[in-house]
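Here the structure comes first, spelled out in structure tokens, and everything after it is commentary.
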Amino acid sequence: MAVYTEVSDEDLNAFVAQYDLGAVVSCKGIAEGVENSNFLLVTDRGPYILTLYEKRTRREDLPFFLGLMEHLAAKGIACPLPVAGRDGQALRELCGRPAVIVTFLAGMWPRRILPQHCAQLGTALARLHLAVADFTMRRPNALSLGGWKELYGKCAARADEVAPGLRETLETELAALEAHWPAGLPSGVIHADLFPDNVFFRGEELSGLIDFYFACNDFLVYDVAICINAWCFEIDGSFNATKARLLLASYRKVRPLSRAELVSLPWLCRGSAVRFLLTRLYDWLNHPPGAFVRPKDPLEYLRKLRFHQTVRGLGDYFLDEDTPSPAGS
Ligand SMILES: Nc1ncnc2c1ncn2[C@@H]1O[C@H](COP(=O)(O)OP(=O)(O)O)[C@@H](O)[C@H]1O
Ligand SMILES: N[C@@H](CCOP(=O)(O)O)C(=O)O
């Protein structure tokens with residue numbers, strides 16, 4: 001369960017007293033999530049989310065994340081809005097951690113992903129990309145090629161404990177990615193972690209996006225690649241082309257993709273697979289015994305990577321266009 005820091009009633013009451021939110025009615029730790037400590041906080045004014053930022057979220061990045069949520073909410077994107085205290089500040093400290101209260105978003109993330117979820121995801125992602133066009137803060141993607149190599153360096157010696165040959169696979173793939181990584185594609189702020197557990201639906205309708213704590217500047221179409229990996233594979237590891245086609249088609253209706261972006265997709269999918277394979281591998285190898293947060297399976301992303309390595313062109317995913325092959329490097 002993702003509550004790394006316990007908050008006493010006394011500390012909580014003193015914290016909430018700095019806001020115009022009335023008194024605390026209840027505060028319960030939220031089991032989901034892996035990065036930060038989250039609580040469902042109910043006050044006289046209704047439900048909120050209290051987040052205490054833990055190890056991987058850097059304090060200096062918080063103004064970017066909070067500013068981004070404020071910007072998106074002002075543009076009509078349904079996402080949590082940081083709540084300011086009476087002093088006008090949203091970011092403060094609780095139990096030695098940076099902490100914020102954000103608005104509660106109604107909805108549930110889809111446990112079973114249907115094609116129509118992917119269609120709505122494509123629309124929401126493209127709207128997000130349009131909405132950030134005039135967001136002026138920047139945060140370079142620390143989890144791109146340079147960050148992957150650094151993570152690989154920390155994991156290489158023990159990678160084969162998780163899967164025989166994994167070290168060599170990663171080494172070869174990182175070299176291939178470095179040689180083929182695209183340049184000059186349209187860039188902007190991307191969510192960078194838009195997995196199903198970060199997208200809420202109310203009934204059939206997408207109701208909001210959460211968890212902007214990996215958001216950064218990168219190629220916009222890289223966000224599409226992350227979503228293809230996170231949403232368009234079945235539990236048995238097979239690629240669901242229908243879901244990918246719907247995701248892409250609905251995205252392109254809102255924000256058309258250039259040919260250069262489309263042609264780059266297979267390499268971006270490979271890169272995105274490596275990104276999540278590496279962070280999961282690192283967490284797997286550095287998981288403290290007895291910790292209550294279960295690390296996510298790195299091998300799920302090794303299987304996705306292997307699929308993308310077999311792709312000969314965009315037609316293997318979802319498009320009929322005859323495009324250059326990214327495979328065979
Ligand atoms: N604004 C919000 N409204 C409603 N629920 C939220 C909100 N933010 C987080 N949650 C709940 O907390 C869980 C963990 O949040 P998340 O931001 O994904 O955590 P982490 O960054 O630690 O992975 C979500 O799955 C959801 O249940
Ligand atoms: N989505 C990442 C892990 C980050 O978890 P989240 O709860 O912050 O979405 C993965 O699946 O590896």
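Each ligand, and each atom within it, is numbered from 1 in the order the structure gives.
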- Query: Which heavy atom of the protein is the closest neighbour of atom 6 (C) of ligand 1, given with residue, atom name and distance?
  - Reply: Ile49 CD1, 3.5 Å
- Nearest protein heavy atom to atom 17 (O) of ligand 1, by residue and atom, and its distance? Asp211 CG, 3.3 Å
- Query: Which other residues end up in the same hydrophobic cluster as Trp109, if Ile, Leu, Val, Met, Phe, Trp and Tyr are linked when side-chain heavy atoms come under 4.5 Å apart?
  - Reply: Leu105, Phe200, Ile210
- Task: Using a strict cut-off of under 4.0 Å between a residue heavy atom and any atom of ligand 2, list the qualifying protein residues by chain and number.
- Result: Gly33, Val34, Glu35, Asp193, Phe195, Asp197, Asn198, Asp211, Phe276, Arg280, Lys296
- Task: Quick one: look up the protein heavy atom nearest atom 27 (O) of ligand 1 and list residue, atom name and how far away it is.
- Result: Glu32 OE1, 3.2 Å
- Who's the nearest protein heavy-atom neighbour of atom 24 (C) of ligand 1, and how far? Ile210 CD1, 3.7 Å
- Taking N or O atoms only and a 3.5 Å limit, does Leu105 qualify as a polar contact for ligand 1? yes
- Nearest protein heavy atom to atom 22 (O) of ligand 1, by residue and atom, and its distance? Asn36 N, 2.7 Å
- Report, as yes or no, whether the 6.0 Å neighbourhood of atom CZ on Arg112 holds more than 12 heavy atoms from other residues, nucleotides or ligands. no
- Message: Check this for me: Arg127, atom CZ, are more than 12 non-hydrogen atoms of other residues, nucleotides or ligands nearer than 6.0 Å?
- Response: no
- Run the numbers for me: atoms of ligand 1, each under 4.0 Å from some heavy atom of Pro80, listed by number. 1 (N)
- Message: Yes or no: does Leu40 have any heavy atom under 4.0 Å from an atom of ligand 1?
- Response: no
- Task: Measure from atom 26 (C) of ligand 1 to every heavy atom in Tyr53, Phe200, Trp109 and give the option owning the shortest one.
- Result: Phe200
- Task: State whether the number of non-hydrogen atoms from other residues, nucleotides or ligands found under 6.0 Å of Asp134 atom CG is greater than 12.
- Result: yes
- Item | Neighbour count >12 (heavy atoms, 6.0 Å) for atom CZ, Arg111 | yes
- Item | ligand 1 N/O within reach of Asn198 N/O, cut-off under 3.5 Å | yes
- Query: What residue and atom, counting heavy atoms only, is the protein's closest point to atom 19 (O) of ligand 1, and at what distance?
  - Reply: Asn38 ND2, 3.1 Å
- In terms of atom number and element, which parts of ligand 1 are under 4.0 angstrom from non-hydrogen atoms of Thr103? 1 (N), 2 (C)
- Task: Looking only at protein heavy atoms, identify the closest one to atom 11 (C) of ligand 1 and say how far it is in Å.
- Result: Ile30 CD1, 3.8 Å
- Exactly one candidate in Thr169, Leu177, Leu145 meets side-chain contact (heavy atoms from CB on, under 4.5 Å) with Val274; the answer is Leu177
- Could you pull out the closest heavy-atom pair between Trp284 and Val162, with the gap in Å? CD1-CG2, 3.8 Å
- Separation between CZ of Phe214 and CD1 of Ile190, rounded to the nearest 0.5 Å: 11.5 Å
- Would you say Glu60 has more than 12 foreign heavy atoms packed within less than 6.0 Å of its CD? yes
- Message: Just to confirm my output: which protein heavy-atom neighbour is closest to atom 23 (O) of ligand 1, and how far is it?
- Response: Val34 N, 3.1 Å
- Are Lys304 and Tyr301 in a cation-pi setup, meaning NZ or CZ lies under 6.0 angstrom from the ring centre and within 45 degrees of the ring axis? yes
- Query: Between Phe212 and Phe65, is the gap from one ring center to the other below 6.0 Å?
  - Reply: no
- Message: So for atom CZ, which belongs to Arg202, do other residues, nucleotides or ligands contribute more than 12 heavy atoms lying within a distance under 6.0 Å?
- Response: no
- Query: For Tyr4, is the NZ or CZ atom of Arg97 found under 6.0 angstrom from the centre of its six-membered ring and inside 45 degrees of the ring axis?
  - Reply: no
